[in-house]
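This report concerns only the one structure given below.
Just so it is clear: chains get the letters A, B, ... in the order the sequence lines come, proteins before strands, and each one is counted from 1. Everything quoted here is computed from the prediction, not taken from an experiment. Excluded from the calculations below are hydrogen atoms, water molecules and symmetry mates; all remaining heavy atoms, backbone and side chain alike, are included.
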Amino acid sequence: MPELPEVETIRRGLEKHLVGKKINELEILDLKLSKENLSHVKSVKVTTVRRFGKGLVIELDNEYSIAVHIKMTGQLIFKQNKQDILPDKHTRAIFKLENAAVLYFNDIRRFGWIKILKTDEVGRLPFFKNLGPEPFKNLTPRYLQEISQKSNLPIKTLIMDQRKISGIGNIYANDALNLAKINPSRKAKFLTEKETNKLYLSILEVLNRGLKYGGSSEVNYVNADGNKGKYQNHSFVYNREGENCLNCGSKIKKTKVSGRGTYFCESCQK
DNA sequence: GACAATGTTACAGT
DNA sequence: CACTGTAACATTGT
C-alpha cells in the first residue's frame, strides 16, 4: 500500500466505521485469497483496528482477527449503503456489516492478502514477525545510526527494509532523503552520525506530512471513505523528475537504486 | 510491444 | 549462515 501514512489513514477511517459494529459475514470473491477460518467471521463485533508497519489487523470479539495487507493497489472502502459504484471487477472481498453497511476490499494487481487467524497468532505471521521498529514509537536516532553503520546497502534501500524500520516505502524514502540532503545511493555505513540524526528527523517529518495530507494517491490509494489523499501534490522529489527542487531550484533527477525508481536533487543531496 | 508502477518474498549466487 | 541482487507475483497505464 501505500506506506505508513496511507495505511494509518485507512486505519483511522476503519476505526471510525467499524469499532463496536458487527460483521455479519465476510465474502471472499477472489480464489487467490485464503478462506481459512472464514467461518469465524460470522456475526462478530470489531473491537479494535491496529496497524503494524504497512499491515492492518481488524480484531474481533471472538479471539480472532482479520489481518490485511493491501500491497500496492489494494483499497478498503466503507459504504454505509449499497450503491452502484461498488462492487466492481477489482472487488476481491466484501465485509457485510450491520445495518446494511459494507466494506469492500478492492485490489487491482491482486498482490494483497487477507488472513483470518487467532488474535494471539497474528504476531507469528512472517510479515508481522519480522517488522522493525515503528517510526513514531520505538525508532530512535541511535538505532538508525547503528543499523546504518552495519549496512553495505544504499541508505535508501536500508530505510525501506521493513525488517529494519517498518512503514517506509518508496515515496517517503525519496522525500526523507531529500529533506535530509543525503544522496539515496550513499552506502549507509558511510553516513555520519550527524547525517543519520538528520535523517531520523526527516523521516518523522515526511511521514507526518503524509498524514497531514491524507496520504499519497499517486496511483490507486484511497482512504476508507473512498477519497484520494493530497500528498502527491506536496512531495519534495517523488514523481517530480525534471521539475525544480523546492530547496535550490535545480532539476530533479531520476535514477534506479536497488531496482526502484529514485528521485533526488544532485545539487542538494551529496 | 516494452516498460514501469505505492510491496513483499522466494530463490540464486557470493 | 549472512548478505545481496533479481525474479516473480498480476494488472494497468503510458
Side-chain angles (χ1 to χ4, degrees), chain A residues 1-11 29-34 51-56 67-76 88-93 105-115 124-132 135 147-177 184-185 187-189 203 206-207 209-211 213-223 227-242 253-263:
Chain A
M1 323 170 243
E3 313 179 25
L4 187 154
E6 289 75 31
V7 182
E8 176 60 18
T9 303
I10 292 173
R11 190 200 68 76
L29 304 177
D30 187 340
L31 295 176
K32 202 187 149 189
L33 296 174
S34 167
R51 179 190 58 77
F52 299 98
K54 303 173 192 173
L56 286 167
V68 184
H69 200 304
I70 65 174
K71 296 289 181 80
M72 293 206 273
T73 58
Q75 304 173 324
L76 285 162
D88 63 24
K89 69 173 182 172
H90 301 304
T91 302
R92 311 298 177 194
F105 172 56
N106 276 19
D107 186 9
I108 296 172
R109 285 171 73 175
R110 301 170 71 205
F111 289 171
W113 46 256
I114 294 179
K115 295 178 204 289
R124 280 183 234 163
L125 288 176
F127 174 77
F128 292 104
K129 187 174 66 187
N130 297 320
L131 279 178
I147 60 169
S148 296
Q149 227 161 24
K150 285 187 267 185
S151 174
N152 282 312
L153 294 171
I155 184 61
K156 174 165 177 269
T157 308
L158 178 70
I159 63 173
M160 287 173 65
D161 184 342
Q162 302 303 298
R163 294 165 305 183
K164 297 297 196 307
I165 303 175
S166 61
I168 302 171
N170 206 20
I171 298 174
Y172 298 99
N174 276 289
D175 278 5
L177 287 162
S185 305
K187 271 205 179 200
K189 60 160 63 157
I203 286 170
V206 297
L207 294 176
R209 202 172 148 84
L211 286 166
Y213 288 112
S216 176
S217 294
E218 245 13 286
V219 187
N220 296 293
Y221 164 74
V222 292
N223 64 23
N227 299 317
K228 293 184 174 188
K230 295 190 169 64
Y231 183 84
Q232 66 279 10
N233 303 321
H234 301 276
S235 64
F236 295 126
V237 288
Y238 186 80
N239 212 13
R240 295 189 63 238
E241 182 182 16
K253 294 281 193 301
K254 183 180 183 187
T255 57
K256 286 216 170 191
V257 174
S258 301
R260 304 298 302 275
T262 299
Y263 303 84

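Under a 3.5 Å cut-off, the side chain of A:R209 and the backbone N or O of A:H234 do form a donor-acceptor pair.
Using a 4.0 Å heavy-atom criterion, one finds that A:N152 contacts the sugar-phosphate atoms exclusively. As judged by a 4.0 angstrom heavy-atom cut-off over every strand, A:R110 is placed among residues touching the sugar-phosphate backbone only. At a threshold of 4.0 angstrom between heavy atoms, the contacts of A:G261 are confined to the sugar-phosphate backbone, with no base atom among them. Residue A:Y238 is in sugar-phosphate contact alone, with no base atom involved, counting any heavy-atom pair closer than 4.0 Å across all strands shown.
With the nearest nucleotide of DNA chain B identified for both A:T262 and A:N130, A:T262 has the one nearer the 5' end.
Annotation: C:dT4 and B:dA5 have their P atoms spaced 23 Å apart (nearest Å).
Nucleotides of DNA chain C lying under 4.0 Å from heavy atoms of chain A occupy a range whose first and last members, 5' to 3', are C:dT4 to C:dT12.
By the 4.5 Å heavy-atom criterion applied to side chains, A:K253 and A:V237 are not counted as neighbours.
A:Q162 has no side-chain polar atom (N or O) that falls below the 4.0 Å cut-off from OP1 or OP2 of B:dG7. At the phosphate of B:dG7, OP1 or OP2 sits under 4.0 Å from a side-chain N or O atom of A:R260. Phosphate proximity of B:dT8 to A:H69: present, with a side-chain N or O under 4.0 Å from OP1 or OP2.
A:R109 has its CZ atom 10 Å from the P atom of B:dG7, to the nearest Å. Computed from coordinates, the A:E3 CD to B:dG7 C1' distance equals 9 Å when rounded to whole Å.
When distances run from any side-chain atom of A:M160 to the nucleotides B:dG7, B:dA4, B:dT8, the shortest one goes to B:dG7.
Classification of the A:H69-A:W113 ring pair by plane angle, with boundaries at 30° and 60°, yields tilted.
C:dT4: Watson-Crick or G-U partner is B:dA12, with both key distances under 3.5 Å.
The ring-ring contact (aromatic ring centres under 6.0 Å, His included) test with A:Y231 is passed by exactly one of A:F236, A:Y172, A:Y221, A:Y238: A:Y172.
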